[in-house]
Amino acid sequence: MEAVQAVRGMNDILPEQVGWWQGIETSAREVLESFGYREMRTPVAEKLELFARGIGESTDIVEKEMYAFEDRNGDWLALRPEATASIVRSYIQHALHAEGGCRKFYQIGPMFRHERPQKGRYRQFHQIDAEVFGLDSPMIDAEMMHMVGVLVDRIGITNVGLNINTLGCPGCRQVYREVLKKFLIEQGEGFCGDCLRRRDTNPLRVFDCKVQKCAELLESAPRLLDHICNDCRAHFDAVKDHLERLGTRYAVNPRIVRGLDYYMRTTFEVITDRLGSQSAIGGGGRYDGLVRDLGGPDVPAVGFAMGMERLVLLLEQEKERPLRSPFCFFASLGDQARAKAFVLAQQLRGRGLEAELDYEGRSLKSQMRRADKSGARYVLILGEDELARSEVQVRDMLTKTQRLLPLENILETLLTIDSQK
RNA sequence: GUGGGUGUAGCUCAAUUGGUUAGAGCACUGGGUUGUGGCCCCAGAGGCUGGCGGUUCGAGCCCGCUCACUCACCCCA
């Protein structure tokens, strides 16, 4: 009988790794909440149309990476490839703008994209995602990037960089697009096939190209930064000023173009050079038109997402794996003693301390080995002799010392020992 | 979707030009101590060599197909 395997690109997170995940989630919640963000949980599936309209019909994500399916009612649904569209949908559906002022939300959970898996990239992956609605101010752009820095720091990752760019608004981008297209045509056929194709479909993407030849030809290309309108320039300058005020280091990188259509003005990426070909551990930007385009009020917005798998990969390189071990282990000899240990273990657990025990009546040696492997600090040895005298051996595995203590009040004794640690 | 690499025990890997019963370390179980962990010693268990087909007297090894994993491209977190 052949065993069933997990779906390609969708991984189990086993107990030995789950400590990383819990640590990251805890840090994320603490930092985001302290910046005023509140959690929202949306379904993993949405109407297909939401993503098509939100992310852009011609993006790779929508064109070829979505898990789309027809449900039994004949509706076309898709597993979410990212969180922003869902949060915007929810924001509009529940009229969350009605309370006025700005609203900040976050979400942590799985996303799905049907890509070829590789290091740091999977078909089911997990993101920490945050969105702010209702603020035009460049201050929030800067605050979000600063917050991402605080978050990365709190998680325990070092040596990451922040790249920022501006894409301009739809108005000035249109102007620049034509200028760039003209330049690309003047340069002739020297570009790679992909770039020649992009020239007509989405000229801005040529800056994403990693082919050496293309990068050289683009050295003298006109820069979007030289063509943006005054409002966009002022916004970008203000973002940079605020970042400097916060002491957040950044580099302006005109190549941060991003693959989702909704971004405008500020875009940014948090990058590392330690993940093979995957360099971005997080990214985001401003998307002022999206809420309106999805049928809501004309509300500005900024957001970002971080890839949890990539954070875990980095943490594994930098830190010791967090371990979880019980407070004590009950080793017993004889059926009577084992039955007593069984009851005591439940009572201790009920008081909030992690306790493990032998259920099978193994040899004491075997139980001690197991206790050692579990990492338990104390082993409570309960044999027929101890039981007869209403006593118990309490062995400290770290100091290798043990004391004979009365069985009466043993729970309180252990709780006291724990609180003194 | 396109390329490259790799598939042998739970894990990491051996196995001569194709040659007899596929090995080791770690991990696991038991014992060395009829009641005491790590270190040490002994023993045990664990394999359709990813699958199917081909070449051959003979295939873990060569060939074809397929599947899986992996890295990279594209793109993205």
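The sequence lines fix the lettering, A, B, ..., with proteins before strands; numbering per chain opens at 1. Only heavy atoms go into these numbers, but all of them, side chains included; no hydrogens, no water, no symmetry mates.
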Residue set satisfying side-chain hydrogen bond (donor to acceptor under 3.5 Å, both in side chains) with A:Q127, at least two apart, ordered chain then number -> none
Given protein heavy atoms under 4.0 Å, the one-letter contact record of nucleotides 33-43 of chain B, with B base, S sugar-phosphate only and - none, is simply --BBBB-----
Side chains of A:Q174 and A:R177 only: does a donor on one sit below 3.5 Å from an acceptor on the other?
no
Taking atom C1' in both B:G18 and B:C63, compute the distance separating them and give it to the nearest angstrom. 13 Å
Next item on the list: For B:A15 and B:G47, measure between their C1' atoms and round to the nearest Å.
Entry: 14 Å
Any donor-acceptor N or O pair under 3.5 Å, side chains A:T84, A:E131 | yes
Original post:
Which word best sums up how the rings of A:Y287 and A:Y262 line up, parallel for under 30°, tilted for 30 to 60°, or perpendicular for over 60°?
Top reply: tilted
Name the atoms and distances for all side-chain donor-acceptor pairs under 3.5 Å in residues 324-333 of chain A, with sequence neighbours left out.
{"unit_1": "A:R324", "atom_1": "NE", "unit_2": "A:E354", "atom_2": "OE1", "d": "2.9"}
{"unit_1": "A:R324", "atom_1": "NH2", "unit_2": "A:E354", "atom_2": "OE1", "d": "2.9"}

Taken in chain and number order and not counting sequence neighbours, the residues that satisfy side-chain hydrogen bond (donor to acceptor under 3.5 Å, both in side chains) with A:R351 are A:E412
P-based separation of B:G64 from B:G25 [nearest Å] = 36 Å
request  = Kindly say whether A:L14 contributes a backbone atom to a donor-acceptor pair with the side chain of A:Q17 at under 3.5 angstrom?
outcome  = yes
For A:E33, the side-chain hydrogen bond (donor to acceptor under 3.5 Å, both in side chains) test, sequence neighbours excluded, returns A:R38, A:Y106
Q.
Would you measure the distance from the P atom in B:G60 across to the matching atom in B:G7 and give it in whole Å?
A. 15 Å
When every non-hydrogen atom of A:D129 is compared with those of A:A305, the smallest separation belongs to OD2-CB, 3.7 Å
Salt bridge (charged side-chain N to carboxylate O under 4.0 Å, His left out) filter on A:R369, not counting sequence neighbours, yields none
A:R362 has its side chain closest, among B:A77, B:G30, B:C73, to B:G30
Between protein and nucleic acid, restricted to nucleotides 45-49 of chain B and to nitrogen or oxygen atoms under 3.5 Å apart, what atom pairs and distances do you find?
none

In numerical order, the residues of residues 18-32 of chain A whose heavy atoms come under 4.0 Å of RNA chain B are none
Whether the side chain of A:R395 engages the backbone of A:V379 through a donor-acceptor N/O pair (distance < 3.5 Å, no angle test) should be reported. no
With sequence neighbours left out, the residues meeting salt bridge (charged side-chain N to carboxylate O under 4.0 Å, His left out) with A:R116 are none
Where do N or O atoms of nucleotides 2-12 of chain B meet protein N or O atoms at under 3.5 Å, pair by pair?
{"unit_1": "B:U2", "atom_1": "O4", "unit_2": "A:R116", "atom_2": "NH1", "d": "2.8"}

Residues at least two apart in sequence or cross-chain that pass side-chain hydrogen bond (donor to acceptor under 3.5 Å, both in side chains) with A:Q393, listed by chain then number, are A:Q402
Dot-bracket assigned to RNA chain B with the 3.5 Å Watson-Crick/G-U criterion, [ ] for crossing and | for other-strand pairs, is (((((((..((((.....[...)))).(((((.......))))).....(((((..]....))))))))))))....
